[in-house]
Amino acid sequence: MGLVVQKFGGSSVANAERVFNVARTITETYKEGNEVVVVVSAQGDTTDELIEKAMEINKKPSKREMDMLLSSGEQISISLLAMAIEALGFPVISLTGWQAGMKTNSNYSIARLKKIDTERVRSELDKNNIVIVAGFQGINKYDDITTLGRGGSDTSAVALAAALHADVCQIYTDVDGVYTADPRIVKDAKKLDEISYDEMLELASLGANVLNNRSVEMAKKYNVKLMVLSSLHKAAGTIVKEVNDVEKMLVRGVTRDNDTARISLLEVEDTPGKAFSVFSLLAKHNINVDLIIQSIGRNNTKDISFTVASSNLDEALSVLNENKSVIAPKDIQWNDDVSKVSIVGAGMVTNPGVAAKMFEALYKSNINIHMIATSEIKVSVLIDRKDAERAVVAIHDEFDMAN
């Protein structure tokens, strides 16, 4: 018996049948004698539909008003799920983010949680209620509704689990765990029984759309035990925790991220502080930079190439062009027809030759590499988008990850 936090994504509650399926999963956990707190996302494509409605009215709405609009999707989900649990005969209450004490900063659309006041949730649990909380949202110091950005419901769930000292945080998705690769691309991808926080954080950051990287980061910080499970059928999932009891695999997973674009600044003056001027400009506009290459050019110049998220490409180009006189490149080039393919594994740090094996797999498949980045537990390459799926399969086979 303990306190269990469960999170269900939008596809898990997309229609009435699935809402009742989720309600049964929750009530089964409750019947086992557990206190249960549930975090829910907006149903199906609700968020996308709300964005379309906004665009019909105003092509450039304020982020505050967008947060007010988008937060309504989760409010629909929590009330419908609470109604389903009521219909099954169990005590339940639904709470919005602000009612559940989710206090954030004031960065509308990408707010960060500052603290959680658990008094209301704790009070409802003491009344033996199942508590359903709207994910993805909170409230700032101005009493305005804020949203937490992409993957915000995962973050809400882990934060609640940490604040309530939950025994486990179960993340229910439309897959039944974390795989060595996307099973839609690699047919013999293997489900992992467990994975470390660090490995999961890298996989999440590099395009594995199972868990949001902010939620994994928070789970590691507060030592929250995570479980990734299927909301559609019963199956053993994947446990994410600090230490792996099993012998570390050399490579745990291979990922593909199509949400990436390359920008190249050609023949920039080779003087101290030039790279700082480029990347500080981007940082001021909250544009995150990933892979970076600086190469020696000609006549005391250098070329600087880096990647950004595709969604940030237009803004990044605009910032760079507006400050062209400061940066003074001969030319600014870009390419959004690229993908980042990465391998992750804690076992890499003690095994030389891992990167070479990855490059060999790409060479055998006649796939050209544009950029490379490495760390102790990952190797990432930038390649043409058309080669990405083929690269994932080739690398997965090269490391024999199915066995």
Side-chain angles (χ1 to χ4, degrees), residues 3 5-10 13 35-43 46-51 53-54 57-58 60-83 92-127 129-166 169 171 211-219 221-222 224 286:
L3 198 164
V5 174
Q6 299 179 324
K7 180 264 176 178
F8 294 90
V13 291
E35 294 180 304
V36 185
V37 176
V38 182
V39 174
V40 193
S41 300
Q43 286 184 294
T46 300
T47 300
D48 291 337
E49 290 166 4
L50 290 171
I51 291 172
K53 289 181 183 294
I57 303 297
N58 184 343
K60 291 186 177 180
S62 70
K63 290 182 178 180
R64 181 196 182 278
E65 297 308 328
M66 283 302 293
D67 279 4
M68 183 69 81
L69 175 67
L70 297 182
S71 63
S72 66
E74 278 69 26
Q75 195 166 331
I76 293 169
S77 290
I78 60 172
S79 55
L80 292 176
L81 182 56
M83 291 174 194
V92 63
I93 188 167
S94 65
L95 301 174
T96 61
W98 67 265
Q99 288 175 311
M102 311 290 278
K103 307 293 178 65
T104 77
N105 63 18
S106 297
N107 290 337
Y108 299 104
S109 82
I110 52 168
R112 294 273 175 165
L113 285 166
K114 295 179 70 177
K115 63 171 287 191
I116 300 178
D117 181 352
T118 60
E119 184 179 352
R120 177 68 187 276
V121 174
R122 191 70 262 175
S123 169
E124 298 298 343
L125 288 172
D126 289 344
K127 297 174 188 174
N129 281 324
I130 295 169
V131 182
I132 314 294
V133 178
F136 178 65
Q137 62 178 248
I139 191 168
N140 65 18
K141 64 182 179 181
Y142 306 111
D143 289 338
D144 285 344
I145 294 172
T146 54
T147 65
L148 307 182
R150 184 179 176 185
S153 291
D154 284 356
T155 305
S156 300
V158 174
L160 274 168
L164 293 166
H165 305 290
C169 180
I171 308 291
L211 285 173
N212 173 262
N213 59 321
R214 279 168 64 189
S215 68
V216 181
E217 201 170 38
M218 189 176 292
K221 182 177 180 180
Y222 295 104
V224 174
N286 293 315

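Side chains included, hydrogens not; waters and symmetry mates left out as well; all remaining heavy atoms used.
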Chemist: Once rounded to the nearest 0.5 Å, what's the spacing between atom NZ of Lys103 and atom CD1 of Ile139?
Modeler: 7.5 Å
Chemist: Nearest 0.5 Å, please: how far is CD in Gln137 from CE in Met68?
Modeler: 11.0 Å
Chemist: How would you list, by chain and number, every residue that makes a side-chain hydrogen bond (donor to acceptor under 3.5 Å, both in side chains) with Gln99, sequence neighbours excluded?
Modeler: Thr96
Chemist: Could you check if a side-chain atom of Phe136 sits within less than 4.5 angstrom of a side-chain atom of Leu70, using non-hydrogen atoms only?
Modeler: yes
Chemist: Apply salt bridge (Lys or Arg N to Asp or Glu O under 4.0 Å) to Glu124 and list each qualifying residue two or more places apart in sequence or on a separate chain.
Modeler: Arg120, Lys127
Chemist: What donor-acceptor contacts under 3.5 angstrom involve side-chain atoms of residues 106-114, with partners at least two apart or in another chain?
Modeler:
| unit_1 | atom_1 | unit_2 | atom_2 | d |
| --- | --- | --- | --- | --- |
| Ser106 | OG | Asn140 | ND2 | 3.4 |
| Tyr108 | OH | Asn140 | ND2 | 3.2 |
| Tyr108 | OH | Asp144 | OD2 | 2.7 |

Chemist: Identify, with sequence neighbours excluded, every residue that meets side-chain contact (heavy atoms from CB on, under 4.5 Å) alongside Leu81.
Modeler: Val19, Val22, Ala23, Ile26, Val38, Val40, Ile85, Ile132
Chemist: How many angstroms lie between CG in Leu160 and NE2 in His165, if you round to the nearest 0.5 Å?
Modeler: 12.0 Å
Chemist: With sequence neighbours excluded, tell me which residues meet side-chain contact (heavy atoms from CB on, under 4.5 Å) with Glu49.
Modeler: Asp45
Chemist: Identify, with sequence neighbours excluded, every residue that meets side-chain contact (heavy atoms from CB on, under 4.5 Å) alongside Ala42.
Modeler: Thr46, Thr47, Glu74
Chemist: Minimum heavy-atom separation for Val5 to Ala166, with atom names?
Modeler: CG2-CB, 3.8 Å
Chemist: Tell me, please, which residues at least two apart from Asp143 pass salt bridge (Lys or Arg N to Asp or Glu O under 4.0 Å).
Modeler: none
Chemist: Atom CH2 in Trp98, atom CG in Leu95: separation rounded to 0.5 Å?
Modeler: 9.5 Å
Chemist: Can you list every pair that meets salt bridge (Lys or Arg N to Asp or Glu O under 4.0 Å) and has a residue in residues 133-142, with sequence neighbours left out?
Modeler: none
Chemist: Scan for side-chain hydrogen bond (donor to acceptor under 3.5 Å, both in side chains) pairs involving residues 145-158, sequence neighbours excluded, and state none if there are none.
Modeler: Lys7-Asp154, Ser41-Ser153, Asp67-Thr147, Thr104-Thr146, Thr155-Asn212
Chemist: Sub-3.5 Å donor-acceptor pair from the side chain of Ser123 to the main-chain atoms of Glu119, do we have one?
Modeler: no
Chemist: Nearest 0.5 angstrom please: Ile130 CD1 to Ser94 OG, how far?
Modeler: 12.5 Å
Chemist: Any donor and acceptor pair, going by atom type alone, linking the side chain of Arg214 with main-chain N or O of Leu148 inside 3.5 Å?
Modeler: yes
Chemist: Kindly write out the residues that satisfy side-chain hydrogen bond (donor to acceptor under 3.5 Å, both in side chains) with Glu35, not counting sequence neighbours, or none if the list is empty.
Modeler: Arg122
Chemist: Measure the CD-CD1 distance between Gln6 and Ile171 for me, rounded to the nearest 0.5 Å.
Modeler: 10.0 Å
Chemist: Please list, chain by chain and in numerical order, all residues satisfying side-chain contact (heavy atoms from CB on, under 4.5 Å) with Asn286, sequence neighbours excluded.
Modeler: none
Chemist: Mind listing the closest non-hydrogen atom pair of Val224 and Cys169 along with its distance?
Modeler: CG1-CB, 3.8 Å
Chemist: Does Glu65 offer a backbone N or O that forms a donor-acceptor pair with the side chain of Ser62 under 3.5 Å?
Modeler: yes
